[in-house]
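What follows is a short report on a single structure.
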Amino acid sequence: MYSPKVGSGEDYTVKLVVELETAARLRASHFIFPQRPWLDLYGINVRPVPPFGSTSSKQFVDPALIHRVLPDELLFEIFSRMDPYTLGRAACVCRKWRYTIRNPVFWRSACLKAWQIAGVVENYKVLQLKYDGSWRKMWLLRPRIRTDGIYVSRNTYIRAGVAEWKISNPVHIVCYYRYMRFYPSGRFLYKNSSQKVKDVAKYLNFHASKADCVFRGNYTQSEDKVEAALLYPGTRPTVLRFRLRLRGTTQGANNRMDLLALLTSGVNDNEVNGPDEDILGIVERWEEDETHNPDVPAISHKRGLTPFVFVPFEEVETSVLNLPVEKMDYYVPG
């Protein structure tokens, strides 16, 4: 019986036949693939979702799995419970969400709430005269005070220390903050403190105690100008008046507020009935050098007029304003 030698041509032929047979069996095998529905969308051109109010009668089946199981009515209900800035982020998810969020119902509700002091009739007039009847355009372009966070102003000054048995006089850098929280109803809260924003945000509300030194006031807005006033109670009641100007780093942000003027003056006891009275209505027409109490002179402050930076509530714990003063100067809040 003939047996091929190792390394001969017949040996190579036998190995090649075995490999060819193995490859043929592999081609004939059936593999089990896991279910990956998104792979079925490869190479398929997805038609854009018709805009809101489209008159198209063609039936369209959305290929996205979330839209197959989530009815449009439920999706609309979810969007109606979002604030405008969350709606803006949700509009970046997909085309259907973007077109759905363009529904004027969402933006009408946001605009009427933001400018509720002006009234519904006045808001509709402004809508037609300046913003072509678009609530979304009105929300983006019309200056407004944000109520979903706190406006913070950081101020520093140098104070000379006491020199004892030293040749050079020491100096200290003092840092303090002004906090303003606005409400759509025309009320606002104010606090002057050295505490960081993450600590003040916990009690900057109408339930704050007297020990927290949170003062209440009223404000009005005309275009990008804001005027606010509050009363410091005490043996000599003092009125603190603010003149502010709204602006934003991007369109619709309204995340900056310039402090144009800071005034203090006196008021008579018979002019104010209580801390919750509209003090702005009393001093709104006063001159800058006007005071009704000779013990409290009218002063227009020239220092501590640093602009306010807006910090949303979801960022109070991570804001750079919580950093120490020596580290904070390297950051520019966005």
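Atoms considered below: every heavy atom in the structure, side chains included; atoms not considered: hydrogens, waters and symmetry mates.
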I want to check something: taking the side chain as every heavy atom from C-beta on, are Y179 and V214 in contact at a cut-off of under 4.5 Å?
no

In terms of the angle between their ring planes, are F242 and Y190 parallel, tilted or perpendicular, with boundaries placed at 30° and 60°?
tilted

Going only through I, L, V, M, F, W and Y residues with side-chain contacts under 4.5 Å, is there a path from W107 to V126?
yes

Got a second to check how far R216's CZ is from L189's CG, nearest 0.5 Å?
7.0 Å

Answer yes or no: is there a side-chain heavy-atom contact under 4.5 Å between V105 and W135?
no

Side chains of F308 and R178, heavy atoms from C-beta outward: is any pair under 4.5 Å?
yes

Between F106 and F76, does a ring-ring contact (aromatic ring centres under 6.0 Å, His included) hold up when you go through it step by step?
CA-CA 10 Å; F106 303 124; F76 190 91; 4.8 Å; yes

Please list all pairs passing the salt bridge (Lys or Arg N to Asp or Glu O under 4.0 Å) test where one or both residues lie in residues 289-309, with sequence neighbours left out.
none

Residues two or more places apart in sequence or in another chain: which of them pass side chain to side chain donor-acceptor pair (under 3.5 Å) with N155?
S153, T306

Roughly how far apart are T147 OG1 and F313 CZ, rounded to 0.5 Å?
8.0 Å

Listing request: all side-chain hydrogen bond (donor to acceptor under 3.5 Å, both in side chains) pairs with a residue in residues 108-128, at least two apart in sequence or in separate chains.
N123-R142

More than 12 heavy atoms of other residues, nucleotides or ligands under 6.0 Å from CZ of R243: is that the case?
yes

For a side chain to side chain contact (heavy atoms under 4.5 Å, CB included) check, start with the C-alpha distance between V283 and V267, then their side-chain angles and the critical distance, and finish with the verdict.
CA-CA 9 Å; V283 303; V267 62; 5.6 Å; no

Transitive ILVMFWY side-chain link L305 to L263, under 4.5 Å
no

Considering only NZ, NE, NH1 and NH2 on the basic side and carboxylate oxygens on the acidic side, decide whether K191 and D212 come within less than 4.0 Å.
no

Path from L280 to L262 over hydrophobic side-chain contacts below 4.5 Å:
no

